[in-house]
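Okay, so here's the structure we're looking at.
Chain naming here is simple, since letters A, B, ... match the order of the sequence lines and numbering starts at 1 in each.
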Protein chains: 4
Amino acid sequence: MTDVDQPASPPPARRARRADAERNRHAIIEAASAVFAEQGATVDVREIARRSSVGMGTLYRHFPTKDDLLVTVLEQEFTSWLTNALQTAAATEDPWQALTGFFEETLTHQACNRALVESYATQDGPSPECAQLRESVLGELLDRCLDAGLLRSDVTTADLALLIMSLSHVVQATGESHPAQWRRLLRISLDGLSSRNTEALPES
Amino acid sequence: MTDVDQPASPPPARRARRADAERNRHAIIEAASAVFAEQGATVDVREIARRSSVGMGTLYRHFPTKDDLLVTVLEQEFTSWLTNALQTAAATEDPWQALTGFFEETLTHQACNRALVESYATQDGPSPECAQLRESVLGELLDRCLDAGLLRSDVTTADLALLIMSLSHVVQATGESHPAQWRRLLRISLDGLSSRNTEALPES
Amino acid sequence: MTDVDQPASPPPARRARRADAERNRHAIIEAASAVFAEQGATVDVREIARRSSVGMGTLYRHFPTKDDLLVTVLEQEFTSWLTNALQTAAATEDPWQALTGFFEETLTHQACNRALVESYATQDGPSPECAQLRESVLGELLDRCLDAGLLRSDVTTADLALLIMSLSHVVQATGESHPAQWRRLLRISLDGLSSRNTEALPES
Amino acid sequence: MTDVDQPASPPPARRARRADAERNRHAIIEAASAVFAEQGATVDVREIARRSSVGMGTLYRHFPTKDDLLVTVLEQEFTSWLTNALQTAAATEDPWQALTGFFEETLTHQACNRALVESYATQDGPSPECAQLRESVLGELLDRCLDAGLLRSDVTTADLALLIMSLSHVVQATGESHPAQWRRLLRISLDGLSSRNTEALPES
DNA sequence: AATGAATGAGGATTCATTCAT
DNA sequence: TATGAATGAATCCTCATTCAT
């Protein structure tokens, strides 16, 4: 009776293989994530293979190109970042606090990720999906603040995105030597966004 | 006495060599400056040799390392930038105008210089001398504004330097697609610096 | 006795396995045949596995080496070619017609088979059996023509075999751009074989 | 008096360098020629570098691509082959003898050159210039024979070119084991070309 | 002092074959 | 027995730097 609907006790070999491969894939992404973060996007692919204890062939089976791997890693980092941020923001009642917290957390996290920050240079995110997700997160945060009259009325999500990008570079540059310095810049920027400033921003 | 004013008929070979060498050095720096600006610090050294119409040997005689050349170029760009900025600032009566003008000009100029902006990532200037020079320029601008009560009283030159760095990245990233976007960020940042914001900045 | 005609309700696993294996083997050969023909002997083995819907392991269980597979495919193609040719020839009364028909058909068929034509480069057939079979087919055709006094008396089967080989390369090289060109060369060669030419061929 | 117009006794360094580089270039081509001939176009570039006692960089300085090197080698071999053939043909009074001799020599030479023969598979010569040159040599030989009424009147240079190609493969395949066999095929083909055969060739 | 050719260690990617499930 | 993931040596090409002339 209790066995009804229970899938076959010894899981099919197919599954097992898949699980192993999936584990490898994860190991690769994990290693790549770490290595890219530490050394930037120019690292030797072999370093990633080594760290994930995987042969070159395996790596290239999962990611046909170094760049594919990089994009995958960045997408994942982006997504997890934004997903977390969304939850945290949703859990925060005060709109201003939500916005501030989002910046704090974002910058704290991206501090030591070279590849992530590098990626800002060429695009505005690793993929359209990520850009879209970021757009919606920023839109949410922005709207709440705007509705509460806390921000200049003409601030856009693009402004916020660029703010993150530029402050990320600050975090990266000062991280080791002056780990707290970027918070001053953040404060300055946030103060500049506040509705206390009434003059219109220039057209983009 | 008799030698005075005698331009030796066969001009001293030494001097000629020197002049030649100096000309070469200049050509290399000029070319490197352009190439680094266009393509970033990763360009092939041969491209620089080609553009300066100089052999590799000559290039390496003047600059024992690619990095030496890069540093020299950056130093020069830094210096000329800051020197000009100093003059312009001195010629501007209004302290606030001096500060904003400085940012405007700086960012406009560095927009298309990839290597220069890249260089912010690793250090806060190519050399201590440059850092010192920047320090004094920023100090000058800052002090005038502080004296006039235009800025938050706890803003530092380090803050200003990082602001330039962060906005430079914005300029670089948006330059092609949205050439005017960075001015919005600049306005936001400057507003955030103004003494209208009374709260103290966090300790660095 | 009682067992006769009884299709054992649970069909013997052994036999089923065998049948499956045989089916796989066929699928592999079929796919390999197509792929080798299209792309030559250098194709990735994975392409063959893919096209035969079989895993790499299965493929390598049946053929321990890529080359084994290639040889098997070539043997089969050789055999079927020669078997057909033998039948056609037997059904053709006129000896000369039989010979020319053989060449026509052979070359038409091998036109698009890259691996087959490539294979001529290294050996004179994929296996001794094939060589033997070809020998007998060519011998048959040759003898009938010789008996009828249609060919130079010192033409050998080796000559005919090499003629096929050489014309196959022509077919391959001109197939796409000048699909009819090889028939000119064939005519020339056949005319050169005819007994109209009385001079002896050089010793090999 | 005798010194007038004499270039500077010690040849300028520039020349020396050039000469050395030229020597290297020649060494590379020589080595590549040998290696390609022996092992075909798929050899490792390093083997060529090794045999020419040159670093990889030097090789790639002279030939930006493995294929460039191959093409250069083939062009050179083609050109020298055809140039020689042209001279020999011009020195041969009898048109038929000229044609025969051309085939003999050509096939004897290309016997052991794998890459050269391979090259026929994809194109009809390494470059348009070579094709043109071959066209003119073959045209010359052909016309003389046609004028003398020795060949079928509808034989074309394209027929001759394909004949060379196809017989080259024969030479290659039989070279080691039956070094004289190809001459039989050659004789057969030439006999097939002779005006003794009056039937028209099929349209191409 | 100038030239530019030479060097060779890397770096990304492929593919025949093996092996755990 | 079938599967397809894993392996890693091999391959083409680049580029900072050195060196003979």
Side-chain angles (χ1 to χ4, degrees), chain A residues 10-25 42-47 49 53-67, chain B residues 13-14 16-18 20-21 24 42-47 49-50 53-67 69, chain C residues 13-14 16-18 20-21 24 42-47 49-50 53-67 69, chain D residues 10-25 42-47 49 53-67:
Chain A
R14 195 67 64 75
R15 270 292 148 72
R17 206 8 111 162
R18 278 262 176 84
D20 242 37
E22 205 53 32
R23 202 169 13 255
N24 263 335
R25 190 187 160 88
T42 63
V43 265
D44 191 334
V45 186
R46 275 132 153 174
E47 176 66 17
S53 308
V54 141
M56 292 295 290
T58 304
L59 198 156
Y60 273 89
R61 155 180 281 274
H62 287 285
F63 303 95
T65 283
K66 183 188 183 182
D67 201 63
Chain B
R14 280 295 164 71
R17 274 292 154 89
R18 276 264 177 88
D20 251 32
N24 270 338
T42 63
V43 264
D44 193 328
V45 185
R46 271 125 112 186
E47 175 67 16
R50 217 172 298 138
S53 309
V54 144
M56 293 294 286
T58 306
L59 196 156
Y60 271 87
R61 161 174 299 277
H62 286 284
F63 304 93
T65 280
K66 183 188 184 182
D67 201 61
L69 174 54
Chain C
R14 279 294 164 69
R17 275 291 154 89
R18 274 266 178 86
D20 252 31
N24 269 339
T42 62
V43 264
D44 192 328
V45 185
R46 272 126 110 184
E47 175 67 16
R50 219 172 297 138
S53 308
V54 144
M56 293 293 287
T58 305
L59 197 157
Y60 271 87
R61 160 176 297 279
H62 287 285
F63 305 94
T65 280
K66 183 188 185 181
D67 201 61
L69 174 55
Chain D
R14 195 69 64 76
R15 269 293 147 73
R17 208 4 113 162
R18 278 262 176 86
D20 242 36
E22 205 54 33
R23 204 170 10 256
N24 262 337
R25 190 188 161 87
T42 62
V43 265
D44 192 332
V45 187
R46 275 133 153 176
E47 176 65 18
S53 309
V54 142
M56 292 294 292
T58 305
L59 198 156
Y60 274 90
R61 154 179 281 275
H62 286 285
F63 304 94
T65 282
K66 182 188 182 181
D67 201 63

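- No option in B:Thr65, B:Val45, B:Leu69 other than B:Val45 meets the side-chain contact (heavy atoms from CB on, under 4.5 Å) test with B:Tyr60.
- Rounded to whole Å, the distance from CG on A:Asp20 to C1' on F:dT7 is 14 Å.
- The nearest heavy atom of DNA chain F to C:Met56 and to B:Thr42 marks one nucleotide each, and the one closer to the 5' end goes with C:Met56.
- Nearer to the 5' terminus of DNA chain E, by closest-nucleotide assignment, is the contact made by B:Gly55 (compared with the other of D:Arg25 and B:Gly55).
- Residue-to-nucleotide proximity on DNA chain F shows that, of C:Ser53 and D:Pro64, the 5′-proximal contact is made by C:Ser53.
- Side-chain atoms of C:Asn24 lie closest to F:dT3 of the nucleotides E:dT17, E:dA2, F:dT3.
- Rounded to whole Å, atom C1' of E:dT17 lies 15 Å from atom CZ of C:Arg61.
- Between the CG atom of D:Asp67 and the C1' atom of F:dT11 there is a distance of 15 Å, given to the nearest Å.
- As a whole-Å value, the separation of D:Asp44 CG from E:dT14 P is 17 Å.
- Nucleotide F:dA16 holds its P atom 12 Å from the CD atom of B:Glu47, rounded to whole Å.
- Computed from coordinates, the A:Lys66 NZ to E:dG11 C1' distance equals 8 Å when rounded to whole Å.
- When atom types are taken as modelled, the side chain of B:Lys66 and the backbone of B:Asp44 share no donor-acceptor pair closer than 3.5 angstrom.
- C:Ala21 and C:His62 get closest at one heavy-atom pair: O-CE1, 3.4 Å.
- Taking atom CD of D:Glu22 as the reference point, atom P of E:dG4 lies 15 Å away to the nearest angstrom.
- Protein atom OH of C:Tyr60 is 9 Å distant from nucleotide atom C1' of E:dC15, rounded to whole Å.
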- Task: Treat a base pair as Watson-Crick or G-U wobble with both distances under 3.5 Å, then lay out DNA chain F in dot-bracket form, 5' to 3', with | for cross-strand pairs.
- Result: .||||||||||||||||||||
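- A distance of 10.5 Å separates CZ in A:Arg25 from CG in A:Leu59, rounded to the nearest 0.5 Å.
- If you find the closest nucleotide of DNA chain E to A:Arg46 and to D:His62, the one lying nearer the 5' end belongs to D:His62.
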